[in-house]
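Below: one structure, written as structure tokens.
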Amino acid sequence: MKHLLLIFSGLFMGSMVLAQIGGNNIYEFLMLPNSARATALGDHVITVKDDAVSLAYQNPAVLNQSMHTQLTFNQNFHLSGINFGYFGYGHHHKKWDMTFHGGVQYIDYGDFNLTDEFGNMNGTFGAAEYALTVGGGKQLYEKLSVGANVKFISSQLESYRSIGWSADLGAIFQDTASNFSLSLVLRNLGTPITDYTTNNRETLPFESQIALSKQLRYLPFRFTILYRYLNRWNILYDDPTNRESTSIFDGFDNADTSNPAFDNFFRHFVFSGEFLLGKAQNFRIRAAYNVLRAREMKVNNLRSLAGFSFGFGFKVKRFRIDYGQGVYHLAGSSNHISLSTYIKEFK
């Protein structure tokens, strides 16, 4: 564990410290939640190690034997007719004592009007991106597991095309006796292989995360605190039109003028919780608050639930069904549906 922390610390210290994170990278769809459970828990879930193979997309270290032969289908109905989804499968290899998974993530941005500089219609065009993911995870010691993903990416935006690759590295420390887990993840380490335009090398949305989860002893509730962007400190967007101050509970608005460091610090956090109800935890209720999304999607003088997300999941015979809703803006929300099952249960 000490060696792993030293490696990760070196990577973090060597990373560039940049501000204003939006619009700087390609393949941003890689950071979208791939399952309804992830959507309901604030888009980022890296400390939960159970039977959900879809969670391995964000942290391959959570791969385990309980995911063997599991299929998962996920579809998100996003704003403005944008659709994205994820299909995945898990398999445990007894001889190597490792669990592997593979999946395909896609996003379809819909159709756009093709116009010239004078506004004349010349037809329509589409835009879509895909990522093929393969990964593996292994338990090294009683409480420590590690894993890695490799993603092959294809992007087509009108006549512009790009292909690339990325990798995720993860580690999770889990103490089942105290129901505590701690995870560290490096996401989207990689580079494009071919660029949209010549002599214009782009960067991927690299992000390092750390999170802890704790399930209460006398209550079937697990809370998670996740810290994003360990590799950069300043993630503030300097919006000159945003100079209002309200209460600390309304997206930390009072930090805009009085204490920007305080505002910036809390933007790194995602707070989430999950009720695990029933003897076999077959019914689950989830909620989360993503501070960065709440701050960036707020509208002055109008209160909203931007940054919050909600959801639930239940099991019916051989199938587990999950639903998640992420509130992005007053203009609308994102709805996510997932369906999972085991192939071995049909034999």
Side-chain angles (χ1 to χ4, degrees), residues 16 18-34 39 43 75-86 104-132 151-166 188 190-207 232 234-244 251 256 267 290 292-307 325-336:
M16 295 180 64
L18 302 172
Q20 299 183 11
I21 57 178
N24 292 324
N25 306 299
I26 58 174
Y27 312 149
E28 287 283 358
F29 78 105
L30 296 175
M31 296 304 297
L32 291 172
N34 66 308
T39 293
D43 294 359
Q75 179 65 34
N76 187 296
F77 304 93
H78 208 54
L79 304 175
S80 299
I82 297 173
N83 293 304
F84 62 87
Y86 175 79
V104 177
Q105 185 180 20
Y106 73 90
I107 182 168
D108 182 1
Y109 297 101
D111 294 326
F112 299 85
N113 293 329
L114 181 63
T115 62
D116 58 22
E117 63 272 25
F118 303 106
N120 299 315
M121 284 284 297
N122 294 324
T124 61
F125 68 91
E129 296 179 287
Y130 303 88
L132 172 65
K151 301 175 183 178
F152 303 93
I153 308 155
S154 173
S155 175
Q156 180 176 348
L157 311 175
E158 204 258 335
S159 60
Y160 300 93
R161 293 176 174 83
S162 174
I163 59 173
W165 70 274
S166 72
N188 302 322
T191 182
I193 299 173
T194 61
D195 301 317
Y196 292 104
T197 57
T198 57
N199 300 322
N200 185 27
R201 182 49 52 105
E202 305 280 358
T203 59
L204 272 66
F206 168 71
E207 183 176 324
R232 63 177 69 182
N234 187 2
I235 58 173
L236 286 172
Y237 172 66
D238 186 15
D239 186 354
T241 66
N242 185 14
R243 291 289 181 264
E244 297 195 13
D256 285 343
R267 288 185 184 223
N290 187 320
L292 178 63
R293 191 167 69 198
R295 294 291 292 115
E296 293 188 341
M297 294 289 103
K298 71 171 186 172
V299 179
N300 289 339
N301 301 320
L302 293 174
R303 295 183 181 274
S304 72
L305 293 177
Q325 182 185 64
V327 184
Y328 283 83
H329 194 266
L330 282 171
S333 303
S334 173
N335 295 286
H336 211 145

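Heavy-atom basis, side chains included; hydrogens, waters and symmetry copies ignored.
- The minimum heavy-atom distance between Asn83 and Tyr106, with the atom names listed, is O-CE1, 4.2 Å.
- Nearest heavy atoms, Pro205 versus Glu28: CB-OE1, 3.7 Å.
- Heavy-atom minimum distance, Asp111 versus Gly126: OD1-CA, 4.4 Å.
- Under a 3.5 Å cut-off, the side chain of Ser304 and the backbone N or O of His329 do not form any donor-acceptor pair.
- Side-chain N or O atoms of Arg295 include none that pairs as donor or acceptor with a backbone N or O of Leu236 at under 3.5 Å.
- The OH atom of Tyr130 sits 14.5 Å away from atom CZ of Phe84, with the distance rounded to the nearest 0.5 Å.
- Ile26 CD1 to Arg201 CZ: the interatomic distance, rounded to the nearest 0.5 Å, is 8.5 Å.
- Closest heavy-atom contact between Tyr328 and Ser334: CE1-CB, 3.5 Å.
- You'll find the side chain of Thr124 stays beyond 4.5 Å of the side chain of Leu114, heavy atoms only.
- Counting heavy atoms from C-beta outward, Glu129 and Tyr109 have side chains that approach closer than 4.5 Å.
- Using a 4.5 Å cut-off on side-chain heavy atoms (C-beta onward), Phe29 and Ile153 make contact.
- Of the inter-residue distances, the one linking Asn24 atom CG with Phe206 atom CZ reads 14.5 Å to the nearest 0.5 angstrom.
- Shown here for Leu292 and Arg267, the closest heavy-atom pair between the two residues is CB-O, 3.3 Å.
- Listed for the Asn188 side chain is no donor-acceptor partner under 3.5 Å among the backbone atoms of Leu204.
- Put simply, the side chain of Arg161 does not reach to within 4.5 Å of the side chain of Ile163, judged on heavy atoms.
- No donor-acceptor pair under 3.5 Å is formed between the side chain of Ser162 and the backbone N or O of Asp195.
- To the nearest 0.5 Å, the span separating NE2 on His78 from CG on Asn335 amounts to 10.5 Å.
- Applying the 6.0 Å contact sphere to CZ of Phe125 captures more than 12 heavy atoms from other residues, nucleotides or ligands.
- Between the CG atom of Asn76 and the CG atom of Leu79 there is a distance of 9.0 Å, given to the nearest 0.5 Å.
- Residues Arg293 and Asp43 are in side-chain contact: their nearest non-hydrogen atoms beyond the backbone lie under 4.5 Å apart.
- Between atom CD1 of residue Ile82 and atom CG of residue Asp108 there is a gap of 9.0 Å, rounded to the nearest 0.5 Å.
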